[in-house]
Amino acid sequence: MTRSSRAVRALVTTLAALLTATAAAAPARATPEPKAPRDFVALHSVDPTILHEIRYVTPHNFTGERIDGYRQPLCILTRPAAEALRTAQRRLLPQGYSLKVYDCYRPQRAVDHFVRWAEDLDDQTMKAEFYPNVDKTRLFADGYIAEKSGHSRGSTVDLTVVKLPAHPTRPYRPGEPLTPCFAPQDERFPDNSVDMGTGYDCFDTLSHTLDPRITGEQRANRMLLKNTLEDLGFVNLAEEWWHYTFKPEAYPDTYFDFPVSRRSLAGHR
């Protein structure tokens, strides 16, 4: 091998080594976040008068921490479900009431967060408020936690009714004393909702929409919500007075995992 050929070979080897090192040092390309289908919308773009208190973007929920996948306090729904809520709101406003949503579309990663929390039997931070009478080992068997949620399909909403004018609800302070979610309304954590007999996400049979122990004004309030929504195609989950699914669902067999954020809706209103 001549001196010149050895020099060329050395140069090629050096360049190859540099290219290999550069490729190794380059950061891996991030997997793009999934996006919502185009028929998913932000509820406020369909009806800006409906109140929002998106609980899972805050620590005031049964886990005591912000839930995975909730980037912004946003209600995202399939358009038919959102438009049906707009119609419900138009019926309630003349009566002096407004709808208020607690949760709408829920990404699968949030459901996975719930499952991990339920499997951690040592974490009972919020038990005194949200599940005082339920042993945490029973959450799956009793149906309070599941590995799939209808919320992830985009047509299910958790909501309540607020008497107008609405007064703001104070923020939860982590570590503050907790009161059972089924205590009298003036003892529970404050919520500007009308009295439904329990707070939102109360893991108790008193949350069953037609529980016979719920009477008087509390029952009337539940029936106001139920009758208004069911007349427009929503179906109530009998175990939760706040839980309604618009039928027919646009995606009855699909569980989405795009984050709750405006960016997930990029390119459409």
Side-chain angles (χ1 to χ4, degrees), residues 50-56 58 60-64 75 85 88-89 91-93 95-104 106 114 124 126-136 138-139 142-146 149-151 156-172 176-232 234-245:
I50 296 175
L51 304 174
H52 288 52
E53 187 184 329
I54 306 301
R55 285 287 187 87
Y56 298 141
T58 79
H60 189 218
N61 62 71
F62 53 84
T63 75
C75 172
L85 288 184
Q89 179 77 340
R91 295 184 181 183
L92 288 171
L93 287 174
Q95 302 177 59
Y97 296 100
S98 173
L99 293 173
K100 180 176 78 170
V101 292
Y102 293 115
D103 190 37
C104 301
R106 180 185 305 164
F114 292 168
Q124 304 204 20
M126 304 298 284
K127 178 178 175 63
E129 179 174 353
F130 289 95
Y131 54 107
N133 289 341
V134 178
D135 191 293
K136 198 173 182 185
R138 298 286 309 170
L139 292 179
D142 291 349
Y144 293 113
I145 300 294
S149 169
H151 281 274
T156 295
V157 58
D158 292 342
L159 74 174
T160 189
V161 174
V162 174
K163 182 70 174 174
L164 297 174
H167 301 287
T169 298
R170 73 165 175 83
Y172 165 75
E176 69 176 86
L178 302 176
T179 302
C181 52
F182 48 71
Q185 187 181 35
D186 60 356
E187 297 177 17
R188 300 195 298 263
F189 184 85
D191 187 329
N192 59 6
S193 168
V194 298
D195 188 2
M196 294 290 193
T198 77
Y200 168 59
D201 259 357
C202 187
F203 293 3
D204 194 273
T205 55
L206 280 170
S207 293
H208 293 189
T209 307
L210 300 179
D211 188 288
R213 294 168 293 176
I214 301 297
T215 60
E217 181 182 351
Q218 296 172 341
R219 184 177 181 86
N221 289 334
R222 291 188 184 190
M223 296 310 295
L224 173 63
L225 180 63
K226 187 173 191 291
N227 292 337
T228 301
L229 294 179
E230 288 188 342
D231 191 44
L232 297 170
F234 286 92
V235 176
N236 175 236
L237 178 65
E239 292 77 20
E240 298 178 350
W241 60 256
W242 54 82
H243 180 119
Y244 287 84
T245 300

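Considering all non-hydrogen atoms of both residues, Leu99 and Gln89 come closest at N-OE1, 2.8 Å. Taking every heavy atom of both residues into account, Met126 and Asn61 meet most closely at CG-O, 3.3 Å. Across all non-hydrogen atoms, the minimal contact from Gly96 to Lys163 is O-CD, 3.6 Å. Across all non-hydrogen atoms, the minimal contact from Pro180 to Arg188 is O-CG, 3.7 Å.
Proximity of a side-chain donor or acceptor of Asp195 to a complementary backbone N or O of Gln218 within less than 3.5 Å is not detected.
One finds the CG atom of Leu237 at 9.0 Å from the OG1 atom of Thr156 (value rounded to the nearest 0.5 Å). We find the CG-CG distance between Leu164 and Leu51 to be 7.0 Å, quoted to the nearest 0.5 Å. Separation of atoms CG (Leu159) and NE2 (His52) is listed at 11.0 Å; rounding is to 0.5 Å.
Using a cutoff of 4.0 Å between basic side-chain nitrogens and carboxylate oxygens, Arg91 and Asp231 are scored as salt-bridged.
Neither side chain, Tyr200 nor Asp191, offers a donor N or O lying under 3.5 Å from an acceptor on the other. Side chains of Ser207 and Glu239: no donor on one and acceptor on the other come within 3.5 Å.
A heavy-atom distance below 4.5 Å is not found between the side chains of Arg219 and Asp211. In this structure the side chain of Phe182 never reaches within 4.5 angstrom of the side chain of Arg213, judged on heavy atoms. In this structure the side chain of Lys100 reaches within 4.5 angstrom of the side chain of Thr169, judged on heavy atoms. Put simply, the side chain of Arg55 does not reach to within 4.5 Å of the side chain of Asp201, judged on heavy atoms. At a threshold of 4.5 Å between non-hydrogen side-chain atoms, the residues Tyr244 and Lys226 count as touching. Counting heavy atoms from C-beta outward, Phe189 and Arg170 have side chains that approach closer than 4.5 Å. Taking 4.5 Å as the limit, every side-chain heavy atom of Leu225 sits out of range of all side-chain heavy atoms of Val194. Using a 4.5 Å cut-off on side-chain heavy atoms (C-beta onward), Ile50 and Val101 make contact.
By the 6.0 Å contact criterion, CD on Gln95 is enclosed, its count of non-hydrogen atoms from other residues, nucleotides or ligands being greater than 12.
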Open item on the list: Does Tyr131 form a ring-ring contact (aromatic ring centres under 6.0 Å, His included) with Tyr144? I'd like the steps, not just the answer.
Closed with: CA-CA 10 Å; Tyr131 54 107; Tyr144 293 113; 8.9 Å; no
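Aromatic ring pairs are classed by plane angle as parallel below 30°, tilted from 30° to 60° and perpendicular above 60°; the pair Tyr172 and His60 is parallel.
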